[in-house]
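Proteins come first, then strands; the chains are lettered A, B, ... in the order of their sequence lines, and each starts at number 1. Keep in mind it's a predicted model, so treat the numbers as computed, not measured. Hydrogens, waters and symmetry mates play no part in the numbers below; they use all other heavy atoms, side chains included.
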Protein chains: 2
Amino acid sequence: MASIKDVAAEAGVSVATVSRVLNDHPSVSAEARTRVLAAVETLGYRPNAVARSLRTDQTHTLGLVISDVLNPYFTELARSVEEEARALGYSVIIGNADERPDLQDHHVRNLLDRRIDGLLVSPTDGGSPLMLDAARGGTPMVFVDRWIPGVDVPVVRSDGRAAVRDLVAHLHGLGHRRLAIIAGPAATTTGRERVEAFREALGAYGLELPDAYIGQGDFQAESGRRVTEGFLDLPEPPEVVFAADNLMALGALDAVRARGLRVPDDLALAAFDDIRWFVHTDPPITAIAQPTGELGRAAVRALVDRIEGRPGQSVTLPARLVVRRSCGENPTPVQRSTT
Amino acid sequence: MASIKDVAAEAGVSVATVSRVLNDHPSVSAEARTRVLAAVETLGYRPNAVARSLRTDQTHTLGLVISDVLNPYFTELARSVEEEARALGYSVIIGNADERPDLQDHHVRNLLDRRIDGLLVSPTDGGSPLMLDAARGGTPMVFVDRWIPGVDVPVVRSDGRAAVRDLVAHLHGLGHRRLAIIAGPAATTTGRERVEAFREALGAYGLELPDAYIGQGDFQAESGRRVTEGFLDLPEPPEVVFAADNLMALGALDAVRARGLRVPDDLALAAFDDIRWFVHTDPPITAIAQPTGELGRAAVRALVDRIEGRPGQSVTLPARLVVRRSCGENPTPVQRSTT
DNA sequence: ACAGTCGATGTAATCGATTCCACGAGGATC
DNA sequence: GATCCTCGTGGAATCGATTACATCGACTGT
């Protein structure tokens with residue numbers, strides 16, 4: 001592969017001049033510029049990004065560590081992140097943690113070794129030593145969706161509190177009184193927050209959230225299935241299950257189906273995170289939708305701000321309830337005004 | 001960030017010795033090794049992968065350019081690719097082409113500039129000049145799922161012919177005679193092949209595939225919706241629609257639903273690529289399942305073989321039909337023996 | 001006419017690693 | 001006791017870019 005020296009030789013100039021042309025530095029003669037450009041063309045030369053990064057100490061690359069690529073919420077997030085990053089002149093390297101802290105650490109380390117300019121993380125746990133060091137250390141960082149408390153890093157996320165209240169209002173209106181939740185890992189902020197928001201919303205109606213109605217999941221489908229089976233085995237099973245993400249909702253559907261039961265007649269179902277398939281499931285699933293694309297874009301903007309020396313804002317956007325038929329028929333149209 | 005020089009100073013040895021310890025070169029004294037390791041520990045030193053790559057001309061990185069991250073088939077592929085690559089000591093950088101040739105070229109160029117060790121591509125088109133150059137040029141390359149004919153690059157893919165025959169047998173057995181297909185772009189191999197396989201299979205039953213029953217899609221949901229609407233507007237609409245991927249099947253569902261029609265009574269539906277949600281859609285969707293994980297792993301093995309100087313085999317694995325209820329009730333269990 | 005300025009260019013240092021080569025000490029061989 | 005290896009080590013070149021600094025010619029202003 002041709003290097004800058006080859007181009008310089010071909011054009012009959014020094015490597016400095018070639019570099020100047022490539023980075024369009026002002027003081028290059030038109031003459032030299034055309035000769036260099038011609039040489040670049042004939043040799044099919046492309047600058048070596050590795051060498052360039054070593055010298056400039058910039059990779060123009062963002063690292064994105066997401067919790068699970070198989071979760072449509074995170075792929076949508078990843079897509080919007082890449083899109084916005086590209087628009088701002090950055091590439092993105094994605095690391096998939098599969099909800100495993102060890103894998104998450106592996107990717108963070110790998111990205112740091114590659115000297116990415118900044119890191120976008122949706123942490124799967126409360127923060128390993130490595131993650132905390134990275135956050136405190138030099139690398140610009142932004143949390144997206146989930147975050148780690150007590151660390152001075154901007155957070156871009158969505159607030160589901162109001163939407164959860166709307167959901168509970170909807171469920172209560174349909175006559176449901178025994179409401180259960182499939183929670184995410186307590187080590188994650190979204191794992192805890194969604195339970196708390198649910199409990200608070202229930203409280204407003206004088207309802208309790210007994211421990212038996214809090215199933216411990218891990219944001220993966222299999223745990224949703226397992227927890228739902230547990231609920232169904234209870235002497236007094238819940239009337240509604242609220243899954244804290246879409247994959248656990250899928251697992252819940254598997255469990256209900258395996259028993260030959262029906263949603264919503266035997267068990268109503270709602271989920272956090274809306275995905276396109278929820279429109280076509282049997283029945284269509286009531287869900288809380290996050291402004292995923294906007295979240296991804298805002299996160300990139302915040303990170304690039306930090307990288308380029310500007311402050312870098314935390315952002316919180318509201319989620320909203322999308323009512324479908326999985327919690328009961330003839331739903332009262334409870335929608336929040338925010339779009 | 002600490003460099004190898006800092007470590008050398010801290011340990012009281014030369015950088016050469018530090019490098020030897022880090023790459024466990026045999027001729028280093030136990031004494032020096034422990035001193036270096038201690039210095040590494042106290043400084044929290046991590047080798048700069050950029051510098052290392054520049055010197056060794058190896059990045060231990062694979063590029064993966066996929067057609068669409070929002071397509072669950074490709075995310076599953078990406079996941080298995082990353083998994084196998086990690087097991088073999090490589091990282092993966094994913095580029096999402098969104099089914100757009102220009103974006104695909106952007107990512108290929110970007111990956112080449114980063115001097116990745118090898119490239120895994122599922123091309124969105126017949127091959128841009130850049131792609132062809134890359135294939136012929138030095139970079140080891142392997143095609144996965146889709147490929148470009150006439151280029152000497154190993155191909156790892158799945159053969160759906162037998163499964164499509166099974167599908168048509170199933171449909172014919174249910175009494176369907178007017179069968180339509182939502183095709184992928186003619187510029188992609190999978191776009192063409194699936195139509196051809198379908199046509200051939202129909203031929204075996206003396207059925208035609210008229211042009212009006214071939215809808216041109218682009219593997220995205222919106223095109224599936226549009227094409228299906230066209231089918232429904234025909235004076236003699238088809239009885240079955242076979243979508244060449246899962247996203248176009250989603251679009252077809254949208255279209256059917258928008259008209260207040262029902263699957264399979266008003267229109268039967270089948271899809272290429274099986275996904276977990278197909279079990280829970282209304283009705284569950286009959287699909288052709290690819291051994292996606294195995295495909296990804298085989299592709300990585302082939303690519304790493306090439307990178308490390310071994311031949312690099314093409315691999316073709318069979319797909320299989322999974323019958324559900326979207327083509328009609330009481331299905332004859334047509335299953336191929338292969339798992 | 002001469003000093004000063006400016007624009008274009010080249011030389012060389014530099015980024016952080018790897019690795020060839022030379023060198024010195026110590027042990028084995030005769 | 002001289003020679004020859006072997007082993008551990010350090011110095012320095014190298015990878016492919018960027019960029020500070022020096023140089024040189026031409027032009028300008030007085």
Asks: What do the steps show when you test B:Arg79 against A:Asp98 for salt bridge (charged side-chain N to carboxylate O under 4.0 Å, His left out), and what is the final call?
Replies: CA-CA 9 Å; B:Arg79 179 170 186 272; A:Asp98 257 358; 2.6 Å; yes
Asks: Between atom CD in A:Glu31 and atom P in C:dT9, what is the gap in whole Å?
Replies: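 Atom CD in A:Glu31 sits about 8 Å away from atom P in C:dT9.
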Asks: Does D:dG10 have OP1 or OP2 under 4.0 Å away from a side-chain N or O of B:Ser14?
Replies: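 Looking at the OP1 and OP2 atoms of D:dG10, one of them is under 4.0 Å from a side-chain N or O of B:Ser14.
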Asks: Side chain to side chain contact (heavy atoms under 4.5 Å, CB included) between B:Arg20 and B:Thr17: does it pass, once the steps are laid out?
Replies: CA-CA 5 Å; B:Arg20 288 195 191 95; B:Thr17 300; 3.9 Å; yes
Asks: Within a reach of under 6.0 Å around CG of A:Asp102, are more than 12 heavy atoms found that belong to other residues, nucleotides or ligands?
Replies: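 Yes - once you tally the heavy atoms of other residues, nucleotides and ligands closer than 6.0 Å, there are more than 12.
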Asks: Below 3.5 Å between N/O atoms, which protein atoms pair up with nucleotides 13-20 of chain D? Just atom names and distances, please.
Replies:
from   : atom 1 : to      : atom 2 : distance (Å)
D:dT14 : O2     : B:Arg55 : NH1    : 2.8
D:dG16 : N2     : A:Ala51 : O      : 3.4
D:dA17 : OP1    : A:Tyr45 : OH     : 2.7
D:dA17 : OP1    : A:Asn48 : N      : 2.6
D:dA17 : OP2    : A:Ile4  : N      : 2.3
D:dA17 : OP2    : A:Tyr45 : OH     : 3.4
D:dA17 : O5'    : A:Tyr45 : OH     : 3.3
D:dT18 : OP1    : A:Asn23 : OD1    : 3.3
D:dT18 : OP1    : A:Asn23 : ND2    : 3.2
D:dT18 : OP1    : A:Arg52 : NH1    : 3.0
D:dT18 : OP2    : A:Ser19 : OG     : 2.5
D:dT18 : OP2    : A:Asn23 : ND2    : 3.3
D:dT18 : O2     : A:Arg55 : NH1    : 2.3

Asks: Tell me: CD of B:Gln58 to P of C:dT18, nearest whole Å?
Replies: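 So the CD-P distance, B:Gln58 to C:dT18, works out to 11 Å.
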Asks: Do we see a donor-acceptor contact under 3.5 Å between the side chains of B:Ser122 and B:Ser67?
Replies: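 The criterion, which ignores hydrogens and geometry beyond distance, is satisfied for B:Ser67 and B:Ser122.
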Asks: Evaluate side chain to side chain donor-acceptor pair (under 3.5 Å) for B:Arg114 paired with A:Thr61, printing each intermediate quantity in order.
Replies: CA-CA 11 Å; B:Arg114 289 168 135 50; A:Thr61 302; 2.2 Å; yes
